[in-house]
Amino acid sequence: MQAIGLSFIDWIIIFVYFGFVLGIGWYLRRFTTSQEDFFLAGRKNSSWVAGLAFLSANLGALELLGMTGNTFKYGMYVAHFYWIGAIPAMLFLGIYMMPFYYSSKINSVPGYLKLRFDEKTRVLNGIAFAVMTLLVSGINLYAMALVLHTFLGWNWDVSMWASAITVAIYVGLSGLMSAIFTEIIQFFLIWFGLFLISILGIIEIGSLSEIIARINQYSNHISFTTLWSSSSNPTQNGMFIHWGGIVLGLGFVLSFGYWTTDFLVIQRAFSAKDLRSARMTPILASFFKMALPFIVIVAGLIAIALSNDPKSGFSLLHDGGQINYDSALPLLIARYYPSGLVGLGVTALLAGFMAGQAGNVSAFNTVWTYDIYKAVLNKKASDSHLLWMGRMSTLAGVAISLVTAYWAKSFPSIMDYMQAIFSWVNAPLFATMLLGMFIWWITPNGAFWGLVAGMVSSFTMYLAVKFSWINESIITMSSVRSDMATNFWRAWWAWLICAVVTIMISLFTKKRSKEELVGLVKGLTRENHDQPVPFTKRPEFVALISLIVLVILNIIFW
Amino acid sequence: MLEHKMKPIWFFVGLILLVMGGLIMLNGIYLLFNPSQRVTVLSEIHPDIWWGAIMAAFGGFMYFKTRKETV
């Protein structure tokens, strides 16, 4: 395609953003004097700050482009990622799991595994998480350069190095604090930079009802505009999936596995000033998460409606005969945005990419420093040495991300493998966490070998389907082929295998005493840790409101 | 102590939205009198002017409300 041309004002806006985030890193440097400042932002954030950062750490540009493209491909079923595939897990984290995480004063999720089980389980998860974050960070960098090269004609190397150096400077200077600040700025830039697409699309076509009516007119037998009513028969919905796969695979395992165990997002809640703020972090974030489909899903539906109307002149790009679904969002920006707004839209995507990379790097430097370096390599490291190590590992993490990005560029199919990486690491970890937090007699050996079995089985299932060693219908229990359905079901089986192996081995291995597990396991821990607050400010009440909104949204778009 | 003098995040959010929104709105007003060669869909409703104004107003509100606050 012809690159979207940037005018002088667009460049000004992009440079304002870069100058701003570097300035914030420099400004916050003076407030980063201890390891707690660097790794946990001083544990002094309000629930609103931590909540927006919690959501924004997940809100990368890859997700924005990918989910808008997925909506074009699969229809409104993609909204399940934002609703049933996120909200119950976020509320569960705030209500039930956060008291154990926050009250044990750990610095990372692997740190909880050390307290609840033992060192080997912590190190296994720490290494898996560190590798995962660096791979994702590198792929994020590669994807950013790909998007900027395709749509703006920017040079690959300049794009990757400029953003990597910027992230290295501001995270290296002030750690999690500057990562959180830039994530919140990114949140507002994304809303102001991309929500206008939905508004202008609705104005052009007439109304949201008209968009849905047009799509239904083009797709006779497959529903692209419902959430549940076509889910009893996989052949009748765009994602080719049964509701069982959505509920068990996405709604339970993948969603809970990500939102309740992934340190990248949970680190933001650890930065909260007290337990109530930490519990409110994912609960407040759930409201903003529920609103995101009004950017990505609506934009995807607008793209479907326009591309089916020959008079609109809108069509997605094609690469080698394949539709480039990720082109939907940039093409809508080019369609609606005059100069100035183009700069804002591009800045929103850039901010998403860079905040995604900064989030991964800040989570990596914490897990590396506490769960690998201090746990294995230098157990007597001082506070000042750990702060220095945090800064050095930030630089190393960015450097390894750059190597990964160049690797991905020379070997594009690595992108496919990244799609499944969360089901390799997070799905089994959720079984370990759930059993560990709620059943006292789960043993360290049970947890370790259950985690190994879950990760290995998930990876093996992925390879077996990828290289056709087995028919994927064995995993999905459906005759219709769908990559998304396979991801959901594989996560479910990995979770189940991890849970069964953990329980079986725990039955026959040495248990820790109940006294050792006080504060780490439900049933052995005092229930109410919160300061007294009015009923309407209690996490349980706010979570109930969130749940009601979730139910209403699902009924409206049933 | 220094840590008590840090500006809240909302100050920075307000500032960047105010600056960017202001630039977009002013550029939109300029384009009103000096139309661009590149014509976009719905350019007749001038989204850059009103969206830039909304953004600047939102940012300005946050900026002025928090400019004297520290955390």
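Letters A, B, ... mirror the listed sequences (proteins, then strands); counts begin at 1.
Interface summary for chain A: among B:Leu26, B:Ile54, B:Leu15, the most heavy-atom pairs under 4.5 angstrom belong to B:Leu15. The candidate with the highest count of non-hydrogen atom pairs below 4.5 Å against chain B, out of A:Ile13, A:Ile185, A:Leu196, A:Val16, is A:Leu196. Counting heavy-atom pairs closer than 4.5 Å to chain B, the top residue among A:Val49, A:Ile199, A:Ile12 is A:Val49. Contacts with chain B were tallied for A:Thr347, A:Leu189, A:Leu341, A:Leu28; A:Leu341 has the most, counting heavy-atom pairs under 4.5 Å. Contact tally against chain A (heavy-atom pairs below 4.5 Å) for B:Val39, B:Val13, B:Leu31: the top residue is B:Val13.
For B:Arg67 (side chain) and B:Phe64 (main-chain N/O), a donor-acceptor pair under 3.5 Å exists by modelled atom type. In this structure, A:Ser327 contributes its side chain and A:Leu317 its backbone to a donor-acceptor pair below 3.5 Å. At distances below 3.5 Å, not a single donor-acceptor pair connects side-chain atoms of A:Gln186 with backbone N or O atoms of A:Phe353. No donor-acceptor pair closer than 3.5 Å links the side chain of B:Thr66 to the backbone N or O of B:Glu69. A donor-acceptor pair under 3.5 Å is absent between the side-chain atoms of A:Thr68 and the main chain of A:Ala328, judged by distance alone. A donor-acceptor pair is defined here as one N or O able to donate and one able to accept, closer than 3.5 Å; no such pair exists between the side chain of A:Arg268 and the backbone of A:Gly51. A:Tyr336 places no side-chain N or O within 3.5 Å of a backbone atom of B:Pro47 that could act as its donor or acceptor partner. In this structure a side-chain-to-backbone donor-acceptor pair under 3.5 Å is present from A:Ser312 to A:Leu306. Checked by atom type and distance alone, the side chain of B:Trp51 pairs as donor or acceptor with a backbone atom of A:Phe192 at under 3.5 Å.
Interface remark: A:Tyr337 contributes backbone atoms only to the contact with chain B (heavy atom separation under 4.5 Å). Using a 4.5 Å cut-off between heavy atoms, B:Ile45 touches chain A through its side chain atoms alone. Using a 4.5 Å cut-off between heavy atoms, B:Asn27 contacts chain A through its side chain alone, with no backbone atom that close. In this structure, chain A has no heavy atom under 4.5 Å from any part of B:Tyr30. Residue B:Leu23 touches chain A through both its backbone and its side chain, counting heavy-atom pairs closer than 4.5 Å. In this structure, no portion of A:Val21 lies under 4.5 Å from any heavy atom of chain B. Contacts between A:Thr33 and chain B at a heavy-atom distance below 4.5 Å are absent for every atom of the residue. Interface residue B:Val19: only side-chain heavy atoms are found under 4.5 Å from chain A. In this structure, chain A has heavy atoms under 4.5 Å from both the backbone and the side chain of B:Ile9.
With rounding to the nearest 0.5 angstrom, the CZ atom of A:Arg391 is 5.5 Å from the CZ atom of A:Phe38. Atom CD1 of residue A:Ile205 and atom CZ of residue A:Arg214 lie 5.5 Å apart, to the nearest 0.5 angstrom. The structure places CE of B:Met25 at 11.5 Å from CE of B:Met55, a figure rounded to the nearest 0.5 Å.
Identified by a heavy-atom distance below 4.5 Å to chain B, the contributing residues of residues 170-184 of chain A are A:Met177, A:Phe181, A:Ile184, in residue-number order.
Applying side chain to side chain contact (heavy atoms under 4.5 Å, CB included) to A:Lys289 and the options A:Leu284, A:Leu55, A:Leu59 leaves one that passes, A:Leu55.
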